[in-house]
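A quick write-up on the structure given underneath.
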Amino acid sequence: MSSSSSSFSLLFVAIFLVSFSQTTLSLSSKYFLTSHHDDDENIINPKKFPIKMAEKLIRQLNLFPKHDINIVSSLESNYEEEKRLFEKKLDLSYIGDSGSTLQDFGHHAGYFPLVHTKAARMFYFFFESRSNKNDPVVIWLTGGPGCSSELALFFENGPFQLSDNMSLVWNDFGWDKVSNLIYVDQPTGTGFSYTTDESDIRHNETGVSNDLYDFLQAFFKAHPEYAQNDFYITGESYAGHYIPAFASRVHQGNKDKEGIYINLKGFAIGNGLTNPEIQYKAYTDYALDMKLINQTDYDNINKLYPNCQQQIKLCGNGREDACLKGFRDCTSIFDSIMDIVGNVNYYDIRKTCEGSLCYDFSRMETYLNDGQVKKALGVPSDIDFVSCSSSVYRAMQADWMKNLEVGIPQLLEDGINLLVYAGEYDLICNWLGNLNWVYAVEWSGQNGFGAAPSVSFTVDGEDKGVLKKYGPLTFLKVRDAGHMVPMDQPKAALEMLQRWIRGELS
């Protein structure tokens with residue numbers, strides 16, 4: 001590669017960030033787990049809650065954000081006064097041959113001022129479909145809570161990937177091949193999203209889903225040509241909380257005729273945390289089945305579950321102190337397993353972590369904080385890229401043990417499709433816990449789903465998973481994948497999405 005073309009690659013890597021939707025890393029064990037040896041005061045009082053585990057998780061991904069959260073006192077630009085969508089169309093003309101006419105694609109990045117906040121601005125990337133602008137609109141949410149969706153954009157299912165030599169290449173399995181694709185940095189303070197007022201930092205799913213709904217209203221107002229397209233919500237890990245709440249908010253907004261009608265057709269949760277009471281119980285079952293622990297370990301660790309279950313139930317009845325105490329009692333189950341398995345990668349138990357490093361996503365962080373890149377994306381020079389925010393995570397601490405399955409039955413009854421998928425080698429949000437909560441959803445098709453056969457999910461003749469479907473509810477266990485299915489099985493993940501949005505995943 002010539003030096004001139006190399007410099008072009010470096011500049012556009014920055015601009016092309018706009019395309020990488022890959023490692024939606026959300027819920028990471030040591031990130032959201034506090035040691036069960038911490039004292040009650042630190043657990044109950046969020047201001048005193050130690051963030052060392054959050055910091056450890058971020059370092060395990062080889063991420064070192066300069067700042068913990070984007071709350072700024074002032075900005076060089078006049079973004080605070082803007083009451084409209086600010087968006088830039090990105091020039092990606094030097095990426096190379098995609099098999100299509102590049103100029104036909106629309107790649108955008110921008111900010112939306114959230115109208116029901118004091119000063120919050122939500123940052124996003126938008127990629128028009130490589131196939132047809134009439135394809136569904138798909139939004140992706142990364143979890144954490146507090147991790148940027150650019151993690152997914154760069155390492156899982158975005159239009160482009162960042163190569164080892166820091167140039168951008170087309171992703172043959174980017175989800176923009178079958179959809180118009182949106183990535184957002186949320187909750188406020190994550191990624192490039194920011195505010196000048198601390199009251200805009202969210203603490204529960206009501207605040208999160210309201211902000212996302214306001215974002216969609218602004219997005220479809222700015223892009224009315226997509227407002228009639230089918231709309232799907234997708235995401236991973238802690239987005240197992242965000243997604244059901246967001247889907248319910250959109251559905252209710254449609255019923256109440258609050259604004260632009262959003263043509264919600266379905267929502268998909270990948271290796272998510274949705275129903276903690278059921279999923280924390282499944283940790284030891286999964287660990288025993290996968291021979292991570294022995295029977296004696298299993299019996300001993302299970303003694304921790306009754307306290308966890310009791311606090312979750314109290315949390316569900318409105319006891320916030322129980323939500324915080326449950327956070328400690330329940331994560332002690334996971335910690336106890338990790339004490340036994342050592343340096344096993346809890347996102348993919350086939351792998352081990354080398355020292356403190358489990359994944360290396362550092363290139364994304366370096367480029368997104370480059371001044372030229374930020375300028376190309378329309379990001380104020382005052383704003384730094386916060387890959388994962390332990391402050392956002394800590395603010396959402398009382399949300400962890402909430403059961404977000406409770407709103408799903410009504411969505412299913414109203415014909416909104418749900419896909420729950422999980423890589424078989426993920427421990428932190430394992431497939432067994434996800435399947436168990438799906439079985440437990442009380443709706444008119446519960447018995448039908450339970451009786452439905454499990455069939456092979458094949459891609460080009462290869463067995464890629466086990467599928468179970470009844471009516472609008474589908475569960476898929478993905479073979480040879482960990483927590484980040486689109487990263488581990490990109491072709492199968494794209495095929496899964498395509499068949500699902502076409503009603504052919506059966």
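Here the structure is a predicted model, which is why all the values come from computation and not from measurement. Residue numbers count from 1 along this sequence.
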Notebook entry, point to check: Between Y242 and Y238, what is the ring plane arrangement, given parallel below 30°, perpendicular above 60°, and tilted in between?
Noted result: perpendicular
Check: Between the main-chain N or O of K133 and the side-chain N or O of N180, is there a donor-acceptor pair closer than 3.5 Å?
Finding: yes
Checklist line | Within 45° cone and under 6.0 Å: K468 NZ/CZ vs F449 ring | finding: yes
Margin query: Checking D399 against N204: is there a side-chain donor and acceptor pair closer than 3.5 Å?
Written below: no
Item checked: Pairwise side-chain contact, K265 with I416, heavy-atom cut-off 4.5 Å (strictly under) -> no
Checklist line | NZ/NE/NH1/NH2 to OD/OE distance under 4.0 Å, K281 and E277 | finding: no
Check: When you measure from the side chain of N345 to the backbone N and O of T352, does any donor-acceptor pair fall under 3.5 Å?
Finding: no
Note to self: I need the single residue from R202, Q186, R249 that forms a side chain to side chain donor-acceptor pair (under 3.5 Å) with D211. Which is it?
What the structure shows: R202
Notebook entry, point to check: Sub-3.5 Å donor-acceptor pair from the side chain of Y232 to the main-chain atoms of W500, do we have one?
Noted result: no
Item checked: Minimum side-chain heavy-atom gap V441-P409 below 4.5 Å -> yes
Next item on the list: Kindly assign one of parallel, tilted or perpendicular to the pair F126 and Y226, based on the angle between their ring planes and the thresholds 30° and 60°.
Entry: perpendicular
Margin query: Evaluate Y111 against Y194 for ring-ring contact (aromatic ring centres under 6.0 Å, His included), listing each step before the verdict.
Written below: CA-CA 10 Å; Y111 279 99; Y194 69 91; 5.3 Å; yes
Item checked: Salt-bridge criterion met for K177 and D135 (N-O under 4.0 Å) -> no
Next item on the list: Look at the side chain of T234 and the backbone N and O of I139, then say whether any donor-acceptor pair between them is shorter than 3.5 Å.
Entry: yes
Note to self: Please verify the inter-ring angle class for W400 with Y393; under 30° counts as parallel, over 60° as perpendicular, anything in between as tilted.
What the structure shows: perpendicular
Notebook entry, point to check: Does atom CD of E413 have more than 12 heavy-atom neighbours, drawn from other residues, nucleotides or ligands, at distances under 6.0 Å?
Noted result: yes
Next item on the list: Please assess K351 against V344 for the test side-chain contact (heavy atoms from CB on, under 4.5 Å), listing each intermediate value before the final yes or no.
Entry: CA-CA 6 Å; K351 304 173 182 179; V344 167; over 6 Å; no
Item checked: Side-chain (E424) to main-chain (K477) donor-acceptor, under 3.5 angstrom -> no
Next item on the list: Would you check, one step at a time, whether the test side-chain contact (heavy atoms from CB on, under 4.5 Å) holds for F192 with D384?
Entry: CA-CA 7 Å; F192 282 129; D384 289 314; over 6 Å; no
Item checked: Within-4.5 Å side-chain heavy-atom neighbours: M122 and F219 -> no
Item checked: side chain to side chain donor-acceptor pair (under 3.5 Å) assessment of D463 paired with S456 -> CA-CA 6 Å; D463 181 9; S456 179; 3.1 Å; yes
Note to self: What verdict does the ring-ring contact (aromatic ring centres under 6.0 Å, His included) test give for F475 and Y421, after you've listed the backbone C-alpha separation in whole Å, the side-chain angles of each residue and the deciding distance to 0.1 Å?
What the structure shows: CA-CA 6 Å; F475 180 85; Y421 65 93; 9.3 Å; no
Check: Between R479, M484, M496, K464, which is the residue that forms a side chain to side chain contact (heavy atoms under 4.5 Å, CB included) with Q489?
Finding: K464
Next item on the list: Please answer whether the main-chain N or O of V406 pairs with a side-chain N or O of E442 as donor and acceptor at a distance below 3.5 Å.
Entry: no
Check: Is there side-chain contact between S129 and N134, with heavy atoms separated by less than 4.5 Å?
Finding: no
Margin query: Which heavy atom of F112 sits nearest to which heavy atom of A218, and what is that distance?
Written below: CE1-CB, 2.7 Å
Next item on the list: Check the pair E365 / N369 against side chain to side chain donor-acceptor pair (under 3.5 Å), numbers first and verdict last.
Entry: CA-CA 6 Å; E365 195 169 55; N369 274 314; 5.4 Å; no
Item checked: N/O donor-acceptor pair under 3.5 Å between H251 side chain and L264 backbone -> no
Note to self: Does any part of the side chain of L114, heavy atoms only, come nearer than 4.5 Å to the side chain of T188, both counted from C-beta?
What the structure shows: yes
Next item on the list: Evaluate the side-chain proximity of E205 to V208: yes if any heavy-atom separation is below 4.5 Å, no if none is.
Entry: yes
Checklist line | Under 3.5 Å donor-acceptor, N275 side chain and N403 backbone | finding: no
Next item on the list: Run the numbers on Q217 and Y213 for side-chain contact (heavy atoms from CB on, under 4.5 Å), then give the verdict.
Entry: CA-CA 6 Å; Q217 288 294 313; Y213 182 77; 3.3 Å; yes
Next item on the list: Output yes when a side-chain donor or acceptor of H483 lies under 3.5 Å from a complementary backbone atom of Y346, and no otherwise.
Entry: no
Next item on the list: Could you walk me through whether L212 and L216 pass side-chain contact (heavy atoms from CB on, under 4.5 Å), step by step?
Entry: CA-CA 6 Å; L212 286 167; L216 281 186; 6.0 Å; no
Notebook entry, point to check: Is the backbone N or O of P244 less than 3.5 Å from a side-chain atom of S248, with the two atoms forming a donor-acceptor pair by type?
Noted result: yes
Next item on the list: Using only heavy-atom distances, determine whether the side chains of T274 and E405 contain a donor-acceptor pair under 3.5 Å.
Entry: no
